[in-house]
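In what follows, a single structure is set out as structure tokens and then discussed.
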Amino acid sequence: MTDPSIASVLGAAEQRLAAAGVDSPGTDASILLAHAWGLDGRGLSRARLMGDPVPPAVVPVFDALVERRAARVPAQHLTGAAHFRTLTLPVGPGVFVPRPETELLVDPVLAHLARTRPDGGGRVVDLCTGTGALGLAVATEAAGTSAVGVEIDPTAVGWARRSAEAVAADLAGAGSTFIVVEADASDPGAVRKVVDDRLAGTVDVVVSNPPYVVADGTTTAPEVVDHDPPSALWGGGDDGTRLPRGIIAAAAHVLADGGLLVLEHADTQGVLLREASIAAGFARVTTHADYTGRDRFTTAVRQSHLERK
Ligand SMILES: C[S@@+](CC[C@H](N)C(=O)[O-])C[C@H]1O[C@@H](n2cnc3c(N)ncnc32)[C@H](O)[C@@H]1O
């Protein structure tokens, strides 16, 4: 019998995953085949172009991965890696898998640092850091940044530290640092202490993707409900904004005048969090949409004492 072609193996897997309700069955099948084969995405494309058959030893490994994905285990938990902007971060049970829409938050942070710290030296706090995705992306893309990730869950703190180790060369290349502190990011006093201890009391940017999901029973995807840690999901309160409001309060407490807050939230929370930001002393409060056109994050500038008068 001849070894199976890549197209036939992927086609069968795509059908299996689609039948199991997986959102992007074709993409996930390719990711899992590359992983089972020990290739990266480019290597799999090259093998496809060359018409290479799938080696017999790879097939059962791939089939087992496809079955686990069909049981709705996230693809990133199966490969042990999540891609976030230019970085590949280790992930697994106990940490929130960073999402593509969160990558958008990095752009306004970089633009603000380029404008206000053109020679580097930016000080950035990533509240609710999880894997450290946001803080690490900023620190590796903006040279000379001192970034601190704040996370309450000790398991996630461990993952964030592993992430920092995984991208240590990128951090060093950028001349930046990223450290992780276990603390309550919604407690302004606790965040103040972190900033005083680690960033000498001044912060240019607070960036945050906090828990904000509304616990109204509409979030049912098994990948989320069964595999993201509960502490990463539920925002609290009737509208899911209890934690995000705490982040706004903490940011107002530690940002320098003119400092920037970049806060991810649900598409239903734009107005609520704009109002909360203005009430906390922020100006130029703007809600931004994600790739699907839904409200996804808000930027706000800590008002200077002059403006506030
Ligand atoms: C939605 S996940 C986001 C993780 C990461 N920022 C990202 O974008 O992928 C929220 C994270 O906040 C953490 N968290 C929840 N409540 C917290 C709190 N009060 N203080 C600090 N971290 C908290 C959770 O453990 C989780 O890692």
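Both ligands and their constituent atoms are indexed starting at 1 by order of listing. Excluded from the calculations below are hydrogen atoms, water molecules and symmetry mates; all remaining heavy atoms, backbone and side chain alike, are included.
- Which parts of ligand 1 touch Pro211 is read off a 4.0 Å heavy-atom cut-off, strictly below it: atoms 10 (C), 12 (O), 15 (C), 16 (N).
- Checking only distances, Thr131 never comes within under 3.5 Å of ligand 1, N or O to N or O.
- Among all protein heavy atoms, the one lying closest to atom 1 (C) of ligand 1 is Ala232 O, 3.1 Å.
- The CG atom of Asp28 sits 4.5 Å away from the CZ atom of Arg69 when rounded to the nearest 0.5 Å.
- Residue-level proximity to ligand 1 for Pro229 is absent, since no heavy atom of it falls below 4.0 angstrom.
- Of the protein's non-hydrogen atoms, Thr129 O, 3.3 Å is the one closest to atom 5 (C) of ligand 1.
- The closest protein non-hydrogen atom to atom 4 (C) of ligand 1 is Cys128 O, 3.5 Å.
- Polar contact check, Asn209 against ligand 1: a nitrogen or oxygen pair lies under 3.5 Å apart.
- Counting only distance, with no hydrogens or angles, the side chain of Ser176 and the backbone of Ser146 share no donor-acceptor pair below 3.5 Å.
- Within ligand 1, the atoms closer than 4.0 Å to a non-hydrogen atom of Pro98 are 9 (O), numbered from 1 in the order shown.
- Tyr212 and His265 have their aromatic ring centers separated by at least 6.0 angstrom.
- Side-chain N/O atoms of Thr298 and Arg274 include no donor and acceptor closer than 3.5 Å.
- When only non-hydrogen protein atoms are considered, atom 19 (N) of ligand 1 lies nearest to Asp184 OD1, 2.8 Å.
- Cluster annotation: Val207 and Phe178 are assigned to the same hydrophobic cluster (Ile/Leu/Val/Met/Phe/Trp/Tyr, side-chain heavy-atom contacts under 4.5 Å, transitive).
- Given atom 17 (C) of ligand 1, the protein heavy atom at minimum distance is Ile152 CG2, 3.4 Å.
- Once rounded to the nearest 0.5 Å, the distance linking CD1 of Ile247 with OG of Ser277 reads 11.5 Å.
- Closest to atom 15 (C) of ligand 1 among all protein heavy atoms lies Ser231 O, 3.1 Å.
- In this structure, the protein non-hydrogen atom closest to atom 20 (N) of ligand 1 is Ala185 N, 2.8 Å.
- Looking from atom 27 (O) of ligand 1 to the surrounding protein, the closest heavy atom is Glu151 OE1, 2.7 Å.
- Using bins of under 30°, 30° to 60° and over 60° for the plane-to-plane angle, the ring pair His77/His227 lands in the perpendicular bin.
- To the nearest 0.5 Å, atom CG of residue Leu127 and atom CD1 of residue Ile248 are 11.5 Å apart.
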